[in-house]
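Comments concern the structure below.
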Amino acid sequence: MKQTLKDVEFEGKRVLVRVDFNVPIKDGVIKDDSRIKAAIPTIKYLIKNNAKIVLCSHLGKINHKDKEKTQADKKKNDMANVVDTLSSLLNKKVKFSQSVVGKEVEEMISSLKEQEVLLLQNTRYEEGEEKNSDELSLKMIKNIDAYVMDAFGSAHRKHASTYGVPLLLNKEKKETCVGFLVEKEVEALSKCVEASIHPYVAVLGGAKVSDKIKVIDGLLDKADKIIIGGAMAYTFLKAKGYEVGNSKVEEEQIEYAKSCLSKGKDKIVLPFDHVVADRLEEPTFVNVSMDENILEGYMGLDIGPRTIEKFSKELEGAKMVFWNGPLGAFENKLFSQGTKKIAQKITSLKDCFSVVGGGDSAAACKECGLESKFSHVSTGGGASLEMIENDGHLPGIDVIVDRM
Ligand code: ADP
Ligand code: MG
């Protein structure tokens, strides 16, 4: 059990909070503020407890190799874009620091008054962030008395702001703890890790097998069934010798898929039929395949109607479901039925503990209006997968001190 907010005295302390404000932004406008909303309870608690609050997060990617790209990335991923939304969600003025570290920031932090909130620039503006540089961590803890980890979506990353900083603070005998969001995420996902509820069905989809490989291995030991759809299914179908046409396949993962299939003989369930088209963008021909095979020149873009039926039957009676990855290219209505119908099925199951992980999967749930019907929608795709892979361990959470 990690130390939580309630275990720490915050009165008058300068508290660095690692939040996850890595929100989708287009032309300076936030497209989905869920992650900011998810951090509000922790921030409000700290305000109520008279802390001096310093918030930090990464936002998007910053290329540090090519100077021109660095500038363009910084402009696109400027944390200043988040200030107004945060202020209105907190109903409070939020101060902003143009940089992550340095004299100016140190002064801003030391002059903070109780209940004031200061948001720092995107931590990835600093090259040392992703390298977990000690030099950066040392600068970041200047004038800081305590640290709160509330960025579940980044907890699988061993970066300066998620790992190096709390490690140093622990050494200096300063308080570190997890925030309310991390507490909630860990509680929900621990059930999927411990696999204490059965029947337990995992539903996997999405685009990249290589991102999700290790989780399949972990799930083979835990889940009773693993349903595989989305683009991921085609690597598995090809491994079984079916024709997959032009569907997305990761050739270098075929051997791995074969080993999963032989290890999980009766556990892994694959699609029977598919919605196929000549291409993803503006298709001119859309049809349903006769069986598992896809003809030359076509690609599978959603699970077919018979597969929806079969997957729904497999889900019948499940008491726990972990779902990661859309079952088709759901962004296009033509290929969204599989994802929608399976999401509806999961949320209609009686007394079933259901967890969704993955940015696109969460977006799909939202689009179907089903978000609130799941037991838990995780804010961290990669983090939730890694937690299952690594038997409940994530570096950004492991580093926080244990409760006394
Ligand atoms: P998540 O963010 O939930 O972890 P991923 O990022 O792994 O999910 O995958 C989501 C993407 O996979 C979506 O953009 C979706 O369009 C795509 N996708 C799903 N099925 C297919 C398919 N059959 N062919 C091509 N793309 C697909
Ligand atoms: Mg995604």
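Both counts, for ligands and for their atoms, begin at 1 and track the order of listing. What's counted below: heavy atoms across the whole structure, side chains too, no hydrogens, waters or symmetry copies. Residue indices begin at 1 and follow the sequence shown.
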Practice problem: Around atom 19 (C) of ligand 1, find the nearest protein heavy atom and jot down its residue, atom name and distance. | Solution: Gly328 O, 3.1 Å
Exercise. May I ask you to check whether Asp360 has an N/O atom sitting below 3.5 Å from an N/O atom of ligand 1?
Key: yes
Quiz item: Does an N or O anywhere in Ala231 fall below 3.5 Å from an N or O of ligand 1?
Solution: yes
Quiz item: Do Thr42 and Asp150 meet the criterion of a side-chain donor-acceptor pair at a distance under 3.5 Å?
Solution: yes
Quiz item: Between Arg279 and Glu282, is there a donor-acceptor pair closer than 3.5 Å when you use the side chain of the first and the backbone of the second?
Solution: yes
Quiz item: Which residue holds the protein heavy atom closest to atom 24 (N) of ligand 1, what is that atom called, and what is the gap in Å?
Solution: Leu301 CD2, 3.6 Å
Quiz prompt | Test of proximity, Gly205 against ligand 1: N or O pairs below 3.5 Å | solution = no
Self-check item: Face-on cation placement of Lys191 at Phe353 ring, 6.0 Å and 45° thresholds
Solution: yes
Practice problem: Report yes or no: does Thr307 contribute a side-chain atom to a donor-acceptor pair with the main-chain N or O of Phe272 at less than 3.5 Å? | Solution: yes
Quiz prompt | Asp302 N/O under 3.5 Å from ligand 1 N/O | solution = no
Quiz item: Is a side-chain donor-acceptor pair under 3.5 Å present for Glu129 with Ser161?
Solution: yes
Exercise. May I ask you to decide if the ring planes of Tyr234 and His274 are parallel, tilted or perpendicular, using 30° and 60° as cut-offs?
Key: tilted
Exercise. Using the six-membered ring wherever Trp is involved, compare the ring planes of Phe285 and Tyr298 and label them parallel, tilted or perpendicular (cut-offs 30° and 60°).
Key: tilted
Exercise. Report the part of Asn324 (side chain from C-beta onward, or backbone N, CA, C, O) that has a heavy atom under 4.0 Å from ligand 1; answer both or neither where that applies.
Key: side chain
Quiz item: Is there a donor-acceptor pair under 3.5 Å between the side chain of Thr176 and the backbone N or O of Val401?
Solution: yes
Quiz item: List-wise, which protein N, O or S atoms are found short of 2.8 Å from the Mg ion (ligand 2)?
Solution: Asp360 OD2
Self-check item: Heteroatom distance test (Lys212, ligand 1): nitrogen or oxygen, under 3.5 angstrom
Solution: yes
Quiz item: Looking only at atom types and distance, does a side-chain atom of Asn170 sit under 3.5 Å from a main-chain N or O of Leu167, one as donor and one as acceptor?
Solution: no
Quiz item: By number and element, which atoms of ligand 1 are closer than 4.0 Å to a non-hydrogen atom of Gly230?
Solution: 20 (N), 23 (N)
Practice problem: In plain terms, say whether Lys174 and Asp145 are close enough for a salt bridge, that is, a side-chain N and a carboxylate O under 4.0 Å apart. | Solution: no
Quiz item: Only one of Lys184, Glu185, Glu187 forms a side chain to side chain donor-acceptor pair (under 3.5 Å) with His376, so which one is it?
Solution: Glu185
Practice problem: Count the heavy atoms belonging to other residues, nucleotides or ligands that lie under 6.0 Å from CD of Glu104, then report whether that count exceeds 12. | Solution: no
Self-check item: Short N or O distance, Ser361 and ligand 1, threshold 3.5 Å exclusive
Solution: yes
Quiz item: For ligand 1, does Tyr234 get within less than 4.0 Å through its side chain, its backbone, both, or neither, judged by non-hydrogen atoms?
Solution: side chain
Quiz prompt | Per-atom contacts of ligand 1 with Gly325, taking only distances under 4.0 Å to non-hydrogen atoms | solution = 3 (O), 8 (O)
Quiz item: Does ligand 1 have a heavy atom under 4.0 Å from the side chain of Glu331, from its backbone, from both, or from neither?
Solution: side chain
Quiz item: Which of the atoms in ligand 1, numbered in the order shown and given with their element, are less than 4.0 Å from a heavy-atom of Gly300?
Solution: 22 (C), 23 (N), 24 (N)
Quiz item: Does NZ or CZ of Lys340 lie under 6.0 Å from the centre of the six-membered ring of Phe330, at an angle within 45° of the ring axis?
Solution: no
